[in-house]
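Structure first, commentary second.
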Amino acid sequence: MDNNLKSQTLSGLAWQFMQKILAQTLSFVITVILTRLLTPEDYGVVALACMFNVLVGVFVSGSMDSALVQKKDADDLDYNTVFYSSLFMSFIIYGVIYFGAPYFAAFFHNSQICPIMRVLALTMPVGALTIVQSAIVTRRMEFKKFFVVGITGQAVSAATGITMAYKGYGPWSLVAQQMVSVITNSCVLVYLVRWKPKLTFSWSRFTEMFSFAWKKTAAGFIGTLCEQLKGYLIGFRYTSADLAYFNRGEGIPEMFKNNISGTINNVLFPALSKLQNDREAVKRGMRRAMMTSSYILTPIFFWLAAVADKVVPMLYSEIWSPAIPFMQIACLTAIVTVLNGANLQSILAIGMSGEVLKLEMYKKPVMVAMLFGGIGFGPIGISFSMLCYSVYVLYMNTRPNKKYLYYSLREQMKDVGAGILISSIMALFVYTLGYIIENDYIALGVQTIAGAAFYIGVSEVFMPEAYRYARQTILEKIPIKKNYGNKQETEECH
């Protein structure tokens with residue numbers, strides 16, 4: 001990786017990480033406030049309404065935005081082609097949702113779902129207006145703009161959602177929050193990226209990019225369908241409150257995963273795409289990203305699983321206590337999915353979207369079988385089946401990387417094994433402390449400080465390679481001042 005690309009990658013990581021940290025922190029605070037103002041039933045009905053919208057929303061861009069990022073010589077004709085094809089699809093998808101909403105609501109015996117689906121679907125044509133701008137920012141790795149967009153959207157939507165919740169609008173406060181977020185994000189992105197569509201369209205350019213995009217889209221649709229299946233099963237067989245407990249249990253683990261692993265993967269794809277002709281360089285980049293994200297996230301997830309019995313009641317109130325076991329299982333699942341993300345990004349970066357589609361065809365029948373096997377044990381059975389499935393997915397996702405990048409599952413486990421071992425021991429230590437200290441607030445503080453000190457201390461002593469990678473990645477963006485007599489020089493770590 002040349003110095004310029006390395007600098008772009010590290011800068012992208014820094015801005016994406018700050019954007020996600022601030023945005024997710026704000027989102028987390030909003031969620032805590034709204035959770036105390038709204039009921040599990042309010043959350044459940046919006047979650048049900050969102051599922052179908054998310055499923056068909058996969059087709060809005062048709063992964064043409066990813067094709068723009070992956071294409072080395074994309075020009076303005078490509079941009080316009082993607083813009084008009086995505087906008088056209090967004091209106092088609094909105095029509096499907098509008099006319100299909102009553103049937104979807106009838107299936108779950110909840111009339112509230114229909115109008116909520118129709119309103120939320122309006123975000124699709126609005127979002128389609130900035131698909132090209134988003135791809136341009138990603139291609140240029142100008143992630144500072146995503147930082148500005150994300151923070152602005154979160155702030156405006158937070159004020160809207162909380163105000164409406166206080167005034168008693170129930171689930172519609174969540175709907176308004178999402179709508180305002182998308183509209184604000186789109187307006188700010190259009191302002192920052194001064195690209196305007198022209199009346200040009202190329203069918204040949206469309207088919208060229210579509211050859212890459214349709215496979216990723218098909219894989220995304222299959223993956224999203226099967227991912228949503230767990231929500232469908234819980235919502236149909238049990239109650240909307242059960243679905244809310246399930247979703248809330250996944251909420252904090254998802255936040256941590258999106259902040260760190262999502263940041264690395266978002267930057268990893270365009271960075272590795274620039275190196276797609278050098279498979280050895282792609283492997284090095286993927287390996288470093290995987291080791292860094294895993295070593296940072298694994299202790300967080302183990303710690304969260306160990307203190308979930310205190311975190312859930314403190315943040316959301318006792319009424320949300322049924323979400324505790326879901327959070328604990330979700331933490332363990334997230335540890336595995338961090339590795340899955342890096343594997344998929346490297347496959348896409350070298351242009352093997354067909355491999356991703358084939359993987360989905362192999363994986364998803366197993367997922368469906370596991371879900372139907374787990375539903376008999378209640379919502380918790382579905383949560384546990386997802387943990388088992390994530391392990392199977394890791395095995396499948398590493399097969400193409402073993403073939404194309406010579407990076408096998410065994411080698412990957414060797415790279416991340418030290419972090420998992422140290423984290424698991426730390427979690428047992430933290431969990432034990434929770435029983436020794438009676439006051440929950442004091443216990444949580446002690447568990448947090450002691451867990452961090454244990455993990456960092458052991459890592460400093462044994463210095464595993466993954467820890468060195470994680471520490472170096474952070475330090476490479478921190479200026480270090482050195483004194484030489486009366487002269488002070490600032491330099492960066494390399």
Flag yes if more than 12 heavy atoms outside Met413 fall under 6.0 Å of its CE atom; otherwise flag no.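 Result for CE/Met413: enclosed.
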Arg399 atom CZ, over 12 foreign heavy atoms within 6.0 Å: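 No.
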State, with a plain yes or no, whether a side-chain heavy atom of [X] is found less than 4.5 Å away from one of [Y].
X      : Y      : result
Ile329 : Leu332 : no
Pro400 : Leu359 : yes
Arg205 : Asp75  : yes
Val416 : Thr298 : no
Lys402 : Leu409 : no
Ile97  : Met124 : yes
Trp195 : Asn80  : yes
Pro464 : Tyr295 : yes

Testing Ile131, Thr130, Val132 for side-chain contact (heavy atoms from CB on, under 4.5 Å) with Phe83, which one passes?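 Result: among Ile131, Thr130, Val132, Val132 is the only option passing the side-chain contact (heavy atoms from CB on, under 4.5 Å) with Phe83.
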Can you name the nearest heavy-atom pair linking [X] to [Y], along with the distance?
X      : Y      : answer
Gly44  : Ala244 : N-CB, 4.0 Å
Ser186 : Gly127 : OG-CA, 4.2 Å
Gln178 : Thr123 : O-CG2, 4.4 Å
Ile113 : Ala105 : CB-CB, 3.9 Å
Ser85  : Phe206 : CB-CE1, 3.7 Å
Leu37  : Ile162 : CD1-O, 4.5 Å

Can you see whether Tyr43 has Arg248 sitting over its ring - NZ or CZ less than 6.0 Å from the centre and within 45° of the normal?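 Yes; both conditions hold, so Arg248 lies above the ring face of Tyr43.
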Both conditions, 6.0 Å and 45 degrees, for the charged tip of Arg410 above the ring of Tyr407: are they met here?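 Cation-pi check for Arg410 and Tyr407: fails.
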Relative to the ring of Phe326, is the ring of Phe246 parallel (under 30°), tilted (30 to 60°) or perpendicular (over 60°)?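 Plane angle over 60°, so perpendicular.
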Parallel under 30°, tilted from 30 to 60°, perpendicular over 60°: which one fits the rings of Tyr392 and Tyr395?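 Because their plane-to-plane angle lies in the 30° to 60° range, the rings of Tyr392 and Tyr395 count as tilted.
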Chi angles and distances behind the side-chain contact (heavy atoms from CB on, under 4.5 Å) call for Ile30, Gln154: CA-CA 9 Å; Ile30 298 166; Gln154 283 285 354; 4.0 Å; yes
Consider only side-chain N and O atoms of Asp42 and Tyr169, and report whether a donor and an acceptor are under 3.5 Å apart.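 Distance-only check fails for Asp42 and Tyr169.
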Indicate whether any N or O donor in one side chain lies under 3.5 Å from an N or O acceptor in the other, for Lys364 and Tyr389.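 Side chains of Lys364 and Tyr389: pair found under 3.5 Å.
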Rounded to the nearest 0.5 Å, what separates atom [atom1] in [X] from atom [atom2] in [Y]?
X      : Y      : atom1 : atom2 : answer
Thr184 : Ile151 : OG1   : CD1   : 13.0 Å
Phe99  : Tyr94  : CZ    : OH    : 9.5 Å
Ile335 : Ser294 : CD1   : OG    : 8.0 Å
Ile382 : Leu233 : CD1   : CG    : 5.0 Å
Leu38  : Ser173 : CG    : OG    : 4.5 Å
Met291 : Gln412 : CE    : CD    : 11.0 Å

Is Ser90 reaching over with its side chain to a backbone N or O of Leu87, donor-acceptor style, under 3.5 angstrom?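 Yes: the side chain of Ser90 pairs with the backbone of Leu87.
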So, Thr81 side chain and Ser202 main chain: donor-acceptor pair closer than 3.5 Å or not?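 Indeed, once roles are kept as given, a pair shorter than 3.5 Å links the two residues.
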Test side-chain contact (heavy atoms from CB on, under 4.5 Å) applied to Phe301 and Val338, step by step: CA-CA 11 Å; Phe301 290 134; Val338 168; 4.0 Å; yes
Between Phe107 and Tyr103, does the ring centre distance come in under 6.0 Å?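 No, they do not, as the ring centres are separated by 6.0 Å or more.
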What about the rings of Phe201 and Tyr84, do their centers lie closer together than 6.0 Å?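 No.
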Run Met164 and Val175 through side-chain contact (heavy atoms from CB on, under 4.5 Å) and show every step you take. CA-CA 10 Å; Met164 291 187 65; Val175 174; over 6 Å; no
Could you check Glu411 against Lys414 for side-chain contact (heavy atoms from CB on, under 4.5 Å), going step by step and ending with a plain yes or no? CA-CA 5 Å; Glu411 190 176 355; Lys414 182 179 178 181; 5.6 Å; no
Do NZ/NE/NH1/NH2 and the carboxylate oxygens of Glu250 and Lys230 come within less than 4.0 Å?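 Yes, this pair counts.
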